[in-house]
Amino acid sequence: MSAPLRLMAVHAHPDDESSKGAATMARYVAEGVDVLVCTLTGGERGSILNPKMDRPDILENMGEVRRLEMERAREILGVEQRFMGFVDSGLPDDESEPLPEGCFALQPLEVAAAPLVAAVREFRPHVILTYDDDGGYPHPDHIMTNRVSVEAFEAAGDPDRYPEAGDPWQPLKLYYQMGFTKERFEALHEAMDARGMGSPYADWISRWEDRPQKWPVTTRVPCGDYFEVRDRALLAHATQVDPDGFWFVCPRELQEEIWPTEDYHLARSLVDTELPEDDLFAGIHADEVSRTCH
Ligand SMILES: [Zn+2]
């Protein structure tokens with residue numbers, strides 16, 4: 001294919017792009033795909049999750065600190081990245097707590113989706129990655145990220161919708177990120193246990209409900225060679241990622257051996273494709289790509 005393929009990943013906060021689908025993006029970048037990360041909020045209300053960075057001067061400037069961390073991660077992943085300009089809603093301690101006024105999750109859908117529709121029409125992705133409708137985890141911004149991504153996928157190709165947001169463009173496939181499956185963590189847990197490394201995930205797995213996955217994995221993208229890039233991008237988000245914490249308890253070599261893919265659910269497709277897939281662009285043919293180039 002001569003015209004480049006284009007992949008858009010939609011995320012709620014800076015750091016989400018490095019913990020969800022980062023190795024996939026690094027692999028496609030290496031293969032010549034244009035990749036754009038759209039970050040809906042600035043992560044202003046994130047807490048400091050790395051004790052080594054827990055300093056008042058950092059907490060006072062979270063918006064700016066996270067912007068710089070994002071820029072560093074962007075360079076490491078080799079992607080383009082844009083902020084969509086919304087304000088982080090924060091993760092409430094309990095559900096009864098009201099969300100802060102003006103935050104992303106409280107925006108009407110049409111307002112929240114408009115910048116993303118404009119980005120889709122300008123970047124013209126063939127494939128979009130987002131979270132499932134539970135947000136992957138119950139942060140209000142993650143749930144809203146799913147809603148605006150589905151809205152953008154459905155509306156961007158329709159000239160009657162968001163008419164002020166540019167010329168219509170219809171993406172071809174929409175995927176949900178499926179990295180946090182019980183299946184994957186059980187496999188890693190068993191491998192670590194078998195090697196006498198202890199079982200850091202045991203307690204977590206035991207609390208995981210035993211029910212079929214709402215969104216089954218349809219697509220496993222081999223990207224173990226890029227886990228190293230993923231880990232460097234994660235560490236660039238120094239306020240959010242503890243180098244001695246959760247993300248790094250399972251040795252990278254073991255992950256490459258036991259689970260060398262990042263996994264997705266194909267939520268919408270306008271092309272014919274055979275499941276299971278191992279490529280996000282499966283079913284997208286050269287004529288569709290050349291039709292859509294400048
Ligand atoms: Zn997030």
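For ligands, and for the atoms within them, numbers begin at 1 and follow the listed sequence. The basis for the numbers below is simple: all heavy atoms, side chains too, and nothing from hydrogens, waters or symmetry mates.
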Might you work through the side-chain hydrogen bond (donor to acceptor under 3.5 Å, both in side chains) test for Q177 and T130, ending with a clear yes or no?
CA-CA 6 Å; Q177 304 264 5; T130 189; over 6 Å; no
Can you list everything that forms a side chain to side chain contact (heavy atoms under 4.5 Å, CB included) with P276? Sequence neighbours excluded, please.
none
Are Y264 and W215 an aromatic pair by the rule of ring centers under 6.0 Å?
no
Distance-only criterion, 3.5 Å: show the donor-acceptor pairs between side-chain atoms of residues 55-64 and protein atoms not counting sequence neighbours.
{"residue": "R55", "atom": "NE", "partner": "D57", "partner atom": "OD1", "Å": "3.3"}
{"residue": "R55", "atom": "NH2", "partner": "D57", "partner atom": "OD2", "Å": "3.2"}
{"residue": "N61", "atom": "ND2", "partner": "D57", "partner atom": "O", "Å": "2.9"}

Could you walk me through whether R184 and D263 satisfy the salt bridge (Lys or Arg N to Asp or Glu O under 4.0 Å) test, starting with their C-alpha distance in whole Å, then the side-chain angles of each, then the deciding distance to 0.1 Å, before giving a yes or no?
CA-CA 10 Å; R184 172 166 170 256; D263 306 330; 5.9 Å; no
Tell me, which pairs form a side chain to side chain donor-acceptor pair (under 3.5 Å) where one or both residues lie in residues 95-113, sequence neighbours left out?
D94-S96
What protein N/O/S atoms sit under 2.8 Å from the Zn ion (ligand 1), by chain and number?
H13 ND1, D16 OD1, D16 OD2, H142 NE2
